[in-house]
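Report on the structure given below.
Throughout, a chain's letter reflects where its sequence line sits, starting with A, and its residues are numbered from 1. Predicted model, so just to flag it, every value in this text is computed and none were measured.
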Amino acid sequence: MAKDTVKTVKGYSIPGEGSSVLISVVTVIALFTLWWTATHMGWIRDLFLPTPEKIASAFMAAMRGDIQGGKALPEHLLWSLIRVFSAFFLAVLTAVPVGIAMGVSRTMRGVFDPPIEFYRPLPPLAYLPLIVIWFGIDESAKIILIFLACFAPLAMAARAGVRSVTIEQINAAYSMGASKWQVVWHVITPAALPEILTGMRIAIGFGWTTLVAAEMVAATEGLGQMVLNASNFLRTDIVIMGIIVIGLVAYLFDLLMRKLEQILVPWKGRA
Amino acid sequence: MSILEVKNLSVNYAGSNGKNTLALSNVDLIMQPGDFVVALGASGCGKTTLLSCIAGFMQPSEGSISIDGKLVHGPGAERGVVFQKHALMPWLSVVENVEFSLRMRGMGKAERRAIAMDKLKLVELEKYADSPIYQISGGMQQRAGVARALASDPAVMLMDEPLGALDALTRAHIQDLIVDLWWQTQKMFFFITHSVEEALFLATELIVMTPSPGRIAHRFKLDFSKQFVECRDSRAVKSSAAFIEMRETVLSLIHDAPGTHHG
Ligand SMILES: Nc1ncnc2c1ncn2[C@@H]1O[C@H](COP(=O)(O)OP(=O)(O)O)[C@@H](O)[C@H]1O
Ligand SMILES: [Mg+2]
């Protein structure tokens, strides 16, 4: 039959449809090649951008603890992870209920809107000194700083997510004998979940951004501290290595969150 | 034995520019078990407003709604609602949606699952119990909505154009199914549509509504649904001379009604 000889066509598609993974891989390889060429041809001085091999050996040295301060990379990484994630989970536990309360209650919105909207656009470095004065220079100050960075976007996301519920869904729940609290817990919260998960991705990004600022507060370990310390000694190789490690860890977590989205909210955008 | 009474109901919506809408004016209605009341009328004649008042989603400006003499003040599980857009919870599977009212009441998992499966069988959806809501067709979603409303064993079923968005074949099939449900359960049904044929086929009491102000202009006692229960042939019922004659009567009433907007 002619079935196989007739050329196939694509159906309608929206702009930007299809996988972009291959293009991304090519882009990364191209950037890497450019880096390698630029450093090996001597277009850029070593102080500004060391060769990839130097970064690799800085990584090996850091793994052994063979850097300024004497602590190994896994230890720095572990401390940073503990700080970012404890602040992040604390923010999820508090900001999500606050955001939902703001979405469903006029009073709560009136109470929480001014403080959150006021501090949200402030750069963390601006209120860092205040936090040090209030909470000292130990772990709690660092965690509070990252917590504050995560809190606002999470609360905003949960509040916006409340709007995803339809009035029919709420009326239906009341008609099925649900109480107001049951509507909040069994209807509004799950309806807000897709936005909350998006908020979590944004919040953890803010968390990593604030990490370096937090670790400027008299830390002796942590990725941010490692990078800052290296910059004092003009060790560009360790600075870049640290940046790459932070970037990769943040990226891995984002992949994890996307997977979690597929598992938890498969209905997103389809209902 | 229960009785639902709508007495002298009026609803005046406040408009933003000071222009109010009298969506319902002095509406009276009495329903008893086994009554299938269909409200028919063009868009904007107050059908949804009337259903919302009975469901308890809103309070009327005047008049009252009572069940067995007890005034209705808000939504309740003795009045099940089926919406035009399904309003199911997409984070729950079909059977979990049907179980919702029982779960809210604190019923144990095994017991509520058994009841929900029972209701799903009534709407021929038991094979799709574990499917996600967003993967079943529009007709199935509406049937799931019906099963969900049935789960709390309400005295009244309130349905607002539940079949409005479906294709003709699916629609006719679900109409048959609803008549069977009504006949088996002998519950009160209050059903909104703007399809004359659907109204005639389902109703034991047809109320024809006209807009501005929304009111009941005509009432008819019908028995086409009982004919279907006996002969099981909906096409025969819908093409009978009596049915066609009634359809013409009602159509002319709707078209000649003052204040009706065509198109
Ligand atoms: N929430 C509301 N606020 C103001 N006017 C409304 C509201 N809901 C409905 N109306 C008006 O009331 C009238 C009846 O509406 P509705 O009950 O939805 O009619 P139907 O369901 O028959 O189409 C319409 O004129 C509509 O514009
Ligand atoms: Mg309507």
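Counting only heavy atoms from C-beta outward, the side chains of A:Ser175 and B:Glu78 never approach each other to under 4.5 Å. Within the 4.5 Å cutoff, the side chain of A:His186 has heavy atoms near those of the B:Arg103 side chain.
Atom OH of A:Tyr251 is surrounded by 12 or fewer heavy atoms from other residues, nucleotides or ligands within 6.0 Å. Heavy-atom contacts from other residues, nucleotides or ligands closer than 6.0 Å to CD of B:Gln59 number more than 12. Few gaps surround CZ on A:Phe253; more than 12 heavy atoms of other groups in view lie less than 6.0 Å from it. The number of heavy-atom neighbours closer than 6.0 Å to CZ of A:Arg163, taken from other residues, nucleotides and ligands shown, is 12 or below. Annotation: A:Tyr174, atom OH; neighbour count of heavy atoms from other residues, nucleotides and ligands within 6.0 Å is above 12. Heavy-atom neighbours of A:Met108 CE from other residues, nucleotides or ligands within 6.0 Å: at or below the threshold of 12.
Put simply, the side chain of A:Gln169 never gets that close to the backbone of B:Ala87: no donor and acceptor are under 3.5 Å apart.
Of the atoms belonging to A:Val187, heavy atoms from both backbone and side chain fall under 4.5 Å from chain B. B:Leu88 touches chain A through its backbone: at least one of N, CA, C or O sits under 4.5 Å from a heavy atom, while the side chain does not.
Between B:Ala77 and A:Met176 the shortest heavy-atom distance is CB-C, 4.2 Å. Closest approach of B:Phe83 and A:Asn171 over heavy atoms only: CZ-CB, 4.0 Å.
The residue among A:Pro266, A:Ala178, A:Gly177 with the most heavy atom pairs within less than 4.5 Å of chain B is A:Pro266.
The aromatic rings of A:Trp267 and B:Trp91 sit tilted relative to each other, their planes meeting at an angle between 30° and 60°.
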